[in-house]
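Everything numeric here is computed off the predicted structure, so don't read it as measured data.
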Amino acid sequence: MKKSEKREMKKCIFGNRIGKLLLPALLLIGLLTACGTPASETAAPGENAAGESGENTAAKEQSEDAEGAEMNSWRESVQKMFEDPYGDYSETGGEIAFLTDGNVEDGAYNEAVYNGVRMYALGAGVSFSYYCADPEKPESYSERMEKAAQDGARIIVSAGYRFGEVVGDLQSAYPGISFLLVDAVPHNAADEEVPIAENVHCILFHEEQAGYLAGYMAVWEGYRNFGFIGGSFIDHDLTDPVSGYRKEEPSVLRYGYGYIQGIDAAAKDLSLNDVTVNYWYADTFSADNAVRERAASWYERGVQIIFACGGALYESVLEAAEEQDGLLIGVDVDQSRVSERFLTSAVKNIGTAVTDALDIFYASGGWSEAEAGQVRYYGVEDGCAAIPVVDTEWRFKEIPVTHFFEIYKQMKRGDRTVSDEIDAPPQAAVSVNFE
């Protein structure tokens with residue numbers, strides 16, 4: 001059988017099964033690597049009861065070994081899902097083009113988006129490529145997107161605030177190409193939103209919900225002194241000296257403001273009056289000495305845990321944490337495998353959202369009326385905002401995972417709400433020091 005025939009057969013086999021097969025598979029990937037969907041809302045954590053017998057301890061150890069082996073087996077299965085026997089990946093000219101400004105296999109944000117793209121492409125038999133812009137060269141964002149368009153992309157997937165300006169500029173220039181914009185909406189150089197064209201669909205997340213849960217649970221664990229270091233970037237096209245040329249991404253703002261709200265809510269629930277938060281935006285999303293020095297100074301002054309929110313800047317916070325015996329909260333994906341110093345992570349299930357959108361796009365032969373020119377938010381109600389709860393990732397020692405599930409259920413029911421306003425910091429009773 002010719003390769004082309006195999007590909008057509010593959011499309012036929014997977015075309016009608018993408019929703020049934022790939023979405024659960026991607027949920028599994030999220031569960032293992034970044035998923036915001038709880039594994040089980042009825043599961044209880046393993047707890048060592050006082051006076052536990054040696055026989056029970058041995059049985060528990062055998063169970064844990066079995067769970068570990070099963071987890072490794074799952075990971076191997078997930079890796080096999082990304083094998084490309086039909087050669088769907090192309091260096092250029094893929095029908096689906098993913099644009100990024102970093103390493104596509106960074107073990108974090110970019111990889112989560114890329115996993116969503118290639119999971120759909122490999123399952124549906126669609127060719128795909130990725131193109132990398134240089135964050136140090138703003139003009140490269142437009143150049144790489146135009147390159148993907150000229151290479152024949154049918155749909156261009158891009159993620160992050162900076163790509164919002166590029167899509168805003170090019171959406172009308174390429175009416176025959178569709179765009180999936182993640183974590184941004186089209187805007188102009190002055191940071192003003194522009195109308196979304198019919199060939200564009202945007203995915204945003206309720207990051208404030210994930211930030212809330214991470215902060216809330218950390219207070220219940222017993223921590224009282226917190227830090228938040230968020231990424232931002234300098235836009236030299238801005239000339240207002242008051243702004244300091246800084247732009248904060250809306251997603252980072254939502255994470256940070258949700259974090260403050262979660263800490264504040266837990267302090268109120270526990271009747272605490274000794275909780276503090278240090279809050280600062282670094283003018284970078286990269287590892288940077290200034291970030292390490294700021295984090296180190298906070299740890300020295302008694303900050304116990306820092307939410308490192310913004311690309312690779314966590315690497316500098318981690319260096320400081322290792323020097324000063326501090327802890328971190330990760331972002332976007334589960335970062336527990338990076339270091340034991342990550343207490344937890346505020347995660348959003350990016351891959352599933354991307355695969356879901358691509359499935360809708362191909363099933364409709366383009367953006368349908370419900371998606372064309374529209375924005376969809378994913379959050380707790382969609383299983384796309386949470387903290388990792390798998391046993392190997394649950395590092396809280398003073399609180400059981402069942403407590404998380406209860407708070408999570410309250411949020412899903414609407415009994416516990418988190419503001420998504422980002423025009424100003426949330427009002428809080430705890431002490432917040434903005435630096």
Side-chain angles (χ1 to χ4, degrees), residues 2-15 18 22 82-105 110-111 113-134 137-160 162-184 186 196-203 351 353-368 371-373:
K2 295 180 180 179
K3 180 177 178 180
S4 61
E5 294 174 337
K6 290 182 179 179
R7 285 176 55 82
E8 289 305 314
M9 179 180 292
K10 183 183 177 193
K11 288 183 182 180
C12 180
I13 292 173
F14 283 91
I18 188 79
L22 291 187
F82 289 133
E83 293 178 357
D84 185 14
Y86 297 101
D88 293 319
Y89 168 73
S90 301
E91 287 193 14
T92 59
E95 187 171 320
I96 303 174
F98 171 47
L99 270 70
T100 178
D101 55 3
N103 182 359
V104 294
E105 295 188 337
N110 289 323
E111 186 167 346
V113 182
Y114 184 51
N115 279 347
V117 169
R118 62 178 177 172
M119 174 61 80
Y120 181 86
L122 292 172
V126 178
S127 63
F128 66 104
S129 305
Y130 66 84
Y131 299 76
C132 294
D134 184 347
K137 298 178 179 179
E139 68 278 6
S140 71
Y141 286 75
S142 292
E143 291 172 355
R144 301 312 291 162
M145 187 166 286
E146 292 192 274
K147 171 64 174 166
Q150 292 163 5
D151 283 346
R154 179 181 178 186
I155 179 169
I156 296 176
V157 182
S158 56
R162 283 190 165 183
F163 283 108
E165 183 178 338
V166 182
V167 173
D169 288 339
L170 299 181
Q171 58 183 359
S172 59
Y174 293 96
I177 296 176
S178 297
F179 297 86
L180 175 60
L181 184 55
V182 183
D183 279 330
I196 306 174
E198 293 295 301
N199 58 333
V200 178
H201 178 63
C202 302
I203 290 175
V354 170
T355 299
D356 181 51
L358 289 172
D359 184 28
I360 292 171
F361 174 82
Y362 276 93
S364 303
W367 295 128
S368 67
E371 286 78 37

Can you tell me how far the CZ atom of Arg154 sits from the OG atom of Ser127, to the nearest 0.5 Å? 10.5 Å
Given Val182 and Val354, is the side-chain contact (heavy atoms from CB on, under 4.5 Å) satisfied, shown in steps? CA-CA 8 Å; Val182 183; Val354 170; 4.1 Å; yes
Closest heavy-atom contact between Arg144 and Leu99? C-CD2, 3.8 Å
Correct closest heavy-atom pair for Leu170 and Ser142 would be CD1-O, 4.3 Å
How about CD on Glu139, more than 12 heavy atoms from neighbouring residues, nucleotides or ligands closer than 6.0 Å, or not? yes
Check: Asp101 side chain, Ala133 main-chain N or O, donor-acceptor pair, under 3.5 Å: no
Does the side chain of Asp151 reach to within under 4.5 Å of the side chain of Ser129, using non-hydrogen atoms? no
Drop me the distance from Gln150's CD to Glu143's CD, to the nearest 0.5 angstrom. 10.5 Å
Pair listing, side chain to side chain donor-acceptor pair (under 3.5 Å) test, anchored in residues 174-183, at least two apart: Tyr109-Asp183, Glu146-Tyr174, Asp183-Lys348
Atom pair CD/CG of Glu95 and Asp88 - distance to nearest 0.5 Å: 10.0 Å
Do you know which two heavy atoms are closest between Gly102 and Cys132, and how far apart they sit? O-SG, 3.7 Å
Distance, nearest 0.5 Å, that separates CZ of Phe361 from CD1 of Ile155: 4.5 Å
Between atom OH of Tyr120 and atom CG of Asp359, what is the distance when rounded to the nearest 0.5 Å? 5.5 Å
In this structure, CG of Asn115 is separated from CG of Asn110 (nearest 0.5 Å) by 11.0 Å
Are Phe98 and Tyr131, when compared by the centres of their aromatic rings, separated by less than 6.0 Å? no
Over 60° means perpendicular and under 30° means parallel, so classify the ring planes of Tyr114 and Tyr130, tilted if in between. perpendicular
Which heavy atom in Asp169 sits nearest to a heavy atom in Ser172, and how many Å separate them? O-OG, 4.4 Å
Taking C-beta and beyond as the side chain, do Val167 and Val200 meet within less than 4.5 Å on heavy atoms? yes
Neighbour count above 12 (heavy atom, 6.0 Å) for Phe179 CZ: yes
How close do Ala121 and Ile96 get, heavy atom to heavy atom, and via which atoms? CB-CD1, 4.3 Å
Closest heavy-atom pair and its distance - Val157, Leu358: CG2-CD2, 4.3 Å
